[in-house]
Amino acid sequence: MIRMIQSSSAGQAREYFNSSLRRSDYYLNGQEQSGQLCGRIAARIGIAGSITKNTFNALCEHINPITGKALTPRKKDNRTVGYDINFHCPKSVSILHALTDDNHILNAFQASVQETMLDIEADAQTRVRKNGQDEDRPTGELIWADFIHQTARPVEGLVPDPHLHCHSFVFNVTWDTVEQQFKAGQFRSIKQDMPYYQARFHKRLADKLVELGYRIRRTDKAFEIAGVPEHIIELFSKRTNEIGQIAKELGITEQAKLDQLGARTRAKKQKGLTMSQLKAEWRKQIFALGIRDQGEGNQPIRFAPVKPTPTPSPKQCVDHALAMRFERVSVMQDRRILEVAYRQGLGHLTLTVDQITDRFASDKRIIRVKDGAQMLCTTKEVLAEEKCMVALAQQGKGNIPPLYRMAPSIELTGKQAEAVQHVLTTANRVSIIRGKAGTGKTTLMKEAIRLIEQTGCKVTVVAPTAQAARGVLREEGFSEAETVAKLLSSTELQAGLTHGVLWVDEAGLLNTKDMTTLLQLVTHKNARLILSGDTRQHASVVRGDALRILNTVAGIQSSEVSRIYRQRKLDYRQAVQALSDNKVGEAFMVLDNMGAIKALDPVNGFAALANDYLTALKKGKTALVISPMHHQGERVTTAIRTTLREAGRIASGETAVPQLVNTNLTVAEKSDPRNYRTGQLIQFNQKLGGIERGSRWSVHSVTDGTVYIQDASGQKTALPLDRMDQFDVYRPNEIALSIGDRIRITRNGYDANKKRLTNGQMLDVVAVDRNGALRLHNKASKATYSVPANFGHIAHGYCLTSHAAQGKTVDEVFIAQPASTFVATNLNQFYVSVSRARDGVHIYTDDKASLLAHASELGDRLSALELVKRKKPSRKAVEQVIRTSKPVAVNVKRACEPVQTTIKPKTKPYAPRPAL
């Protein structure tokens with residue numbers, strides 16, 4: 001792992017040096033090593049080598065230690081002094097280093113750190129502001145001090161655990177060769193690219209360890225040495241576990257705050273212990289667990305015999321990275337792609353970082369566009385997919401007789417009436433109704449469908465999600481509403497489209513592939529397609545904001561419904577209106593004046609939210625709690641359940657019930673056997689050979705690149721990794737439930753009596769059997785369900801993410817948005833959250849100013865078509881795809897020709913298929 005921590009004052013940096021980086025009393029007993037000055041500036045000044053306290057302090061003050069003069073022309077009191085870039089070994093590597101009698105692991109670690117710091121130095125920049133310029137200039141020179149530490153901070157009363165790590169303190173200075181002077185550095189891009197540097201560091205370290213005779217196994221974020229048992233790693237993670245437990249109690253998840261927590265909770269390092277004494281104590285702890293010279297399976301950890309595994313080619317690494325990164329977005333920074341490609345090559349000596357980089361740079365499938373300091377990428381496949389979708393939509397312009405040549409009498413007024421008139425009188429096959437949250441899209445939908453059906457046309461209503469289709473739409477009176485997925489798999493539903501109308505609600509959730517398939521379908525059936533949704537809300541998880549692309553890029557005409565009806569109070573309605581118009585500052589002012597933004601209590605956390613939620617329930621109001629991230633949702637849930645239990649609304653007793661947590665692996669990640677762990681559960685979506693649809697198998701083992709799975713009867717087979725789109729991967733867990741609890745269904749399924757359970761459905765717990773079976777109740781429909789203990793696809797239903805909350809309407813909404821959720825905060829998320837209620841909104845945060853800043857950031861994803869607009873005119877072949885002055889115009893036959901793919905698509909181009 002690599003972390004980058006800013007040091008904002010000279011005094012802070014000097015104290016950090018004295019207390020954490022350089023402790024002379026530890027050099028004598030061998031726990032730590034002396035610091036070394038590195039980098040081109042160190043060589044330029046003539047101070048490379050061992051660092052002293054005086055030299056460190058001078059550099060903190062931006063003073064040249066040789067001349068005593070200022071290094072940089074400007075000196076501010078609040079100027080950033082430098083950055084601590086700290087490199088951490090995997091725990092198993094630290095353990096083995098501590099138990100060896102030489103420095104072969106230490107040397108490999110130091111070399112990997114040095115090579116990665118040279119990467120960072122090569123990317124160094126400085127700001128250029130002279131003569132009206134406003135840009136960043138590459139410099140390629142830095143100065144830093146390396147401090148190697150071999151132990152972790154101890155937990156109070158215990159000796160420290162082995163923890164090999166390096167603090168590379170980079171001073172905020174670089175050399176500008178153009179201006180011929182030292183200047184402050186520009187580190188923004190370096191900080192953003194930390195995952196990229198981390199992947200290069202891990203690749204180098206893993207390769208060096210393999211060369212030394214060790215085998216590695218990949219983990220979620222890095223790797224470990226094969227043969228070092230998990231319980232040994234856990235044994236020597238006392239400090240990590242201590243910080244994790246305190247962080248959990250305080251609800252801290254943000255990395256910067258975790259680092260601060262680590263600093264605040266440090267115990268003093270143990271004085272007087274030599275490294276040999278520490279090693280003796282560590283061996284004692286290991287031997288107490290019955291481990292001697294061998295690892296798991298009684299194999300020697302070093303030089304263990306191993307069957308060689310095929311080394312992936314540079315192309316295979318890049319293929320995997322492209323498939324993974326472009327599954328959920330259409331545009332991605334180049335280094336985010338390379339980061340994944342490097343991880344694919346971990347531990348393969350004949351495959352180098354440079355080989356992977358060179359293959360990526362020469363890949364002709366990738367389209368690259370420079371955007372400031374970043375290089376943004378898309379692929380020809382993604383671009384062709386968007387071109388095909390746009391061409392199909394444009395092909396239907398003016399080519400279909402209107403349903404009404406003159407608008408009939410419409411029982412609505414204003415923009416709602418205009419929207420209905422638009423879909424009734426358009427000659428375009430595709431029409432769009434864009435409606436802001438709470439503008440009565442359902443009301444106009446009912447009126448439009450009534451008038452369409454009077455012409456004799458059949459209307460088929462679908463939505464992208466099961467909750468939107470079988471939940472919201474059916475509750476609103478559209479009793480035959482189905483999901484898009486069901487439509488695309490049912491020949492019966494498809495037959496009903498002939499010369500009819502397909503209405504897609506919540507169309508903003510459609511991805512490019514599904515939208516393209518729907519366009520192919522309605523063209524084949526000579527049907528009309530009406531897309532209703534809000535491009536300001538969340539888009540599909542899978543790549544492609546299809547509705548927005550058709551509207552803004554392809555120029556498909558839309559009818560806008562902007563008058564908001566949902567919010568009953570004027571000021572609340574004004575706030576939502578301002579958010580829908582991207583006027584976030586104005587919305588914040590209104591919300592603040594309403595008293596809607598409330599400070600989180602640093603001691604009691606979400607207790608106030610839970611009490612306010614209970615008060616709303618006591619008033620007979622419907623309520624919804626939202627938080628952008630699942631981990632905060634769990635904290636909120638704990639607070640709410642505690643409050644409800646104290647109020648007698650849920651029973652005091654709890655029963656642990658089996659739960660399945662989706663790992664949310666991408667399709668590309670599911671194709672890689674290194675991402676599987678023993679005990680994970682595989683559930684199949686389709687029948688594959690001898691594996692039945694809906695069946696569950698557990699991961700038994702992963703051997704030589706093959707994942708072996710086992711069913712309940714003990715039958716074993718290999719997991720078909722080439723059919724990764726046909727199964728999901730879950731982590732077994734337990735969830736505590738009480739009578740009266742509210743739960744949410746997390747996957748479509750059936751109860752014990754074959755009653756349908758819909759993903760997103762909210763149900764109340766009526767009874768919990770000792771074996772974990774549940775009796776559930778739906779307040780709205782009065783239906784009851786008997787859910788077997790092994791169903792698993794359940795979660796507490798008190799706090800939802802804004803994605804899960806989209807489409808819901810309640811009386812009061814409560815939003816938990818502390819600083820730890822700001823990584824998932826943007827305008828789309830905030831707008832969806834705030835606009836859910838009729839009567840009141842309550843926002844709980846510990847940093848109002850930063851919340852405003854993050855909520856002001858647009859959440860729209862850049863499309864490939866929008867990216868190529870930015871390309872230079874010299875790339876004429878690509879630039880012909882799009883014109884900045886008018887909508888895209890492309891040939892449908894050529895646009896929809898197949899292109900080379902990087903991974904098997906989830907949704908194939910339209911073809912009639914048998915019903916499920």
Side-chain angles (χ1 to χ4, degrees), residues 441-442 445 460-490 492-494 502-511 513-515 517-518 521 531-534 537-542 546-547 624 630 659-662 664 683-686 693-694 725-728 730 742-751 753-764 774 776-781 783 785 787 791-797 800-810 832 836 906-907 913 915-916:
K441 292 188 293 293
T442 303
M445 185 176 172
T460 301
V461 178
V462 297
T465 67
Q467 179 60 20
R470 300 179 187 131
V472 176
L473 284 174
R474 290 189 181 182
E475 289 172 5
E476 293 287 351
F478 303 100
S479 59
E480 296 183 357
E482 270 296 352
T483 63
V484 170
K486 179 68 173 179
L487 171 67
L488 297 181
S489 63
S490 170
E492 182 181 354
L493 287 176
Q494 292 170 11
L502 175 61
W503 192 303
V504 183
D505 193 34
E506 293 286 355
L509 292 172
L510 284 173
N511 59 68
K513 287 184 177 179
D514 283 348
M515 182 71 84
T517 307
L518 289 178
L521 176 58
L531 303 166
S532 65
D534 186 358
Q537 299 189 50
H538 289 302
S540 167
V541 174
V542 181
L547 183 64
L624 179 65
H630 290 290
Q659 181 190 37
L660 295 176
V661 179
N662 199 325
N664 290 315
Q683 184 159 348
F684 289 86
N685 307 317
Q686 300 293 337
R693 180 189 177 195
D725 54 335
Q726 300 299 325
F727 60 81
D728 293 312
Y730 295 90
R742 192 158 180 76
I743 68 165
R744 178 170 55 90
I745 302 300
T746 58
R747 179 185 168 116
N748 295 335
Y750 296 90
D751 79 344
N753 300 315
K754 302 302 180 183
K755 287 185 181 178
R756 183 188 291 275
L757 293 166
T758 301
N759 185 13
Q761 187 176 10
M762 307 290 279
L763 301 169
D764 295 314
L774 303 174
L776 307 174
H777 179 252
N778 186 326
K779 286 182 179 178
S781 66
Y785 301 86
V787 177
F791 178 72
H793 300 294
I794 55 175
H796 287 119
L800 308 182
T801 64
S802 53
H803 283 85
Q806 185 161 312
K808 296 184 181 296
T809 302
V810 293
V832 170
R836 292 307 92 200
K906 271 189 171 181
T907 306
R913 284 171 277 186
L916 294 175

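Hydrogens, waters and symmetry mates are skipped; everything else that's a heavy atom, side chains included, is used.
- With sequence neighbours excluded, the residues forming a side chain to side chain contact (heavy atoms under 4.5 Å, CB included) with Val541 are Arg328, listed by chain and number.
- For the atom pair Lys808 NZ and Leu624 CG, the distance stands at 7.5 Å (nearest 0.5 Å).
- Qualifying side chain to side chain contact (heavy atoms under 4.5 Å, CB included) partners for Asn753, counting only residues two or more places apart in sequence or in other chains: Asp751, Ser786.
- Between Leu531 and Met515 there is a side-chain heavy-atom pair separated by less than 4.5 Å.
- Rounded to the nearest 0.5 Å, atoms CG (Leu660) and CZ (Arg747) are 9.5 Å apart.
- Gln683 places no side-chain N or O within 3.5 Å of a backbone atom of Phe727 that could act as its donor or acceptor partner.
- Around atom NE2 of His630, no more than 12 heavy atoms belonging to other residues, nucleotides or ligands sit under 6.0 Å away.
- Under the rule for a salt bridge (Lys or Arg N to Asp or Glu O under 4.0 Å), the partners of Asp534 that lie at least two apart in sequence or sit in another chain are Arg536.
- Partners of Arg742 by side chain to side chain contact (heavy atoms under 4.5 Å, CB included), not counting sequence neighbours, listed by chain and number: Met762, Asp764, Tyr798.
- Here the side chain of Ser489 pairs a donor or acceptor atom with the backbone of Ala485 at under 3.5 angstrom.
- Annotation: side chain of Leu757 is in contact with side chain of Val787 (closest heavy-atom distance under 4.5 Å).
- For Gln806 (side chain) and Gln537 (main-chain N/O), no donor-acceptor pair under 3.5 Å exists by modelled atom type.
- Just one of Leu547, Val542, Val484 meets the side chain to side chain contact (heavy atoms under 4.5 Å, CB included) condition when paired with Leu510; it is Val484.
- Not counting sequence neighbours, the partners of Ser532 by the side-chain hydrogen bond (donor to acceptor under 3.5 Å, both in side chains) test are Trp503, Asp505.
- Here the side chains of Phe684 and Asp728 are not in contact, with every heavy-atom distance at 4.5 Å or above.
- Minimum interatomic distance between Thr758 and Arg756 (heavy atoms only, all atoms of both residues): OG1-CD, 3.9 Å.
- With rounding to the nearest 0.5 Å, the separation of CG in Asn748 from NZ in Lys486 is 11.0 Å.
- Residue Leu509 comes nearest to Ser540 through the heavy atom pair O-CB, 3.0 Å, listed as atom of the first residue, atom of the second, then distance.
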Could you list the donor-acceptor pairs under 3.5 angstrom formed between side-chain atoms of residues 460-467 and any protein atom two or more places apart in sequence or on another chain?
from	atom 1	to	atom 2	distance (Å)
Thr465	OG1	Ala468	N	3.1
Gln467	OE1	Gln761	N	3.4

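- Here the CG-OG distance, from Leu473 to Ser479, works out to 11.0 Å after rounding to the nearest 0.5 Å.
- Once rounded to the nearest 0.5 Å, the distance linking CG of Leu488 with CG of Leu493 reads 10.0 Å.
- Qualifying salt bridge (Lys or Arg N to Asp or Glu O under 4.0 Å) partners for Arg744, counting only residues two or more places apart in sequence or in other chains: none.
- For Phe478, there are no ring-ring contact (aromatic ring centres under 6.0 Å, His included) partners two or more places apart in sequence or in a different chain.
- Ion pairing between a basic and an acidic side chain is recognised when a charged N comes within 4.0 Å of a carboxylate O; Glu480 and Arg474 show no such pairing.
- No side-chain donor-acceptor contact under 3.5 Å links Arg836 to the backbone of Thr809.
- Residues Ile794 and Thr746 form no side-chain contact, since every pair of their non-hydrogen atoms from C-beta on lies 4.5 Å or further apart.
- Taking Tyr730 as the reference, His793 meet the ring-ring contact (aromatic ring centres under 6.0 Å, His included) condition, with sequence neighbours excluded.
- In this structure, Asn685 CG and Asp725 CG are separated by 8.5 Å, a value rounded to the nearest 0.5 Å.
- Every side chain to side chain contact (heavy atoms under 4.5 Å, CB included) that Ser781 has, sequence neighbours left out, goes to Asn778, Ala783.
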Practice task
Walk me through it: do Arg470 and Glu482 pass the test side-chain contact (heavy atoms from CB on, under 4.5 Å)?
Solution key: CA-CA 6 Å; Arg470 300 179 187 131; Glu482 270 296 352; 3.1 Å; yes
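- Between His538 and Ser802, the shortest heavy-atom contact is NE2-OG, 2.7 Å.
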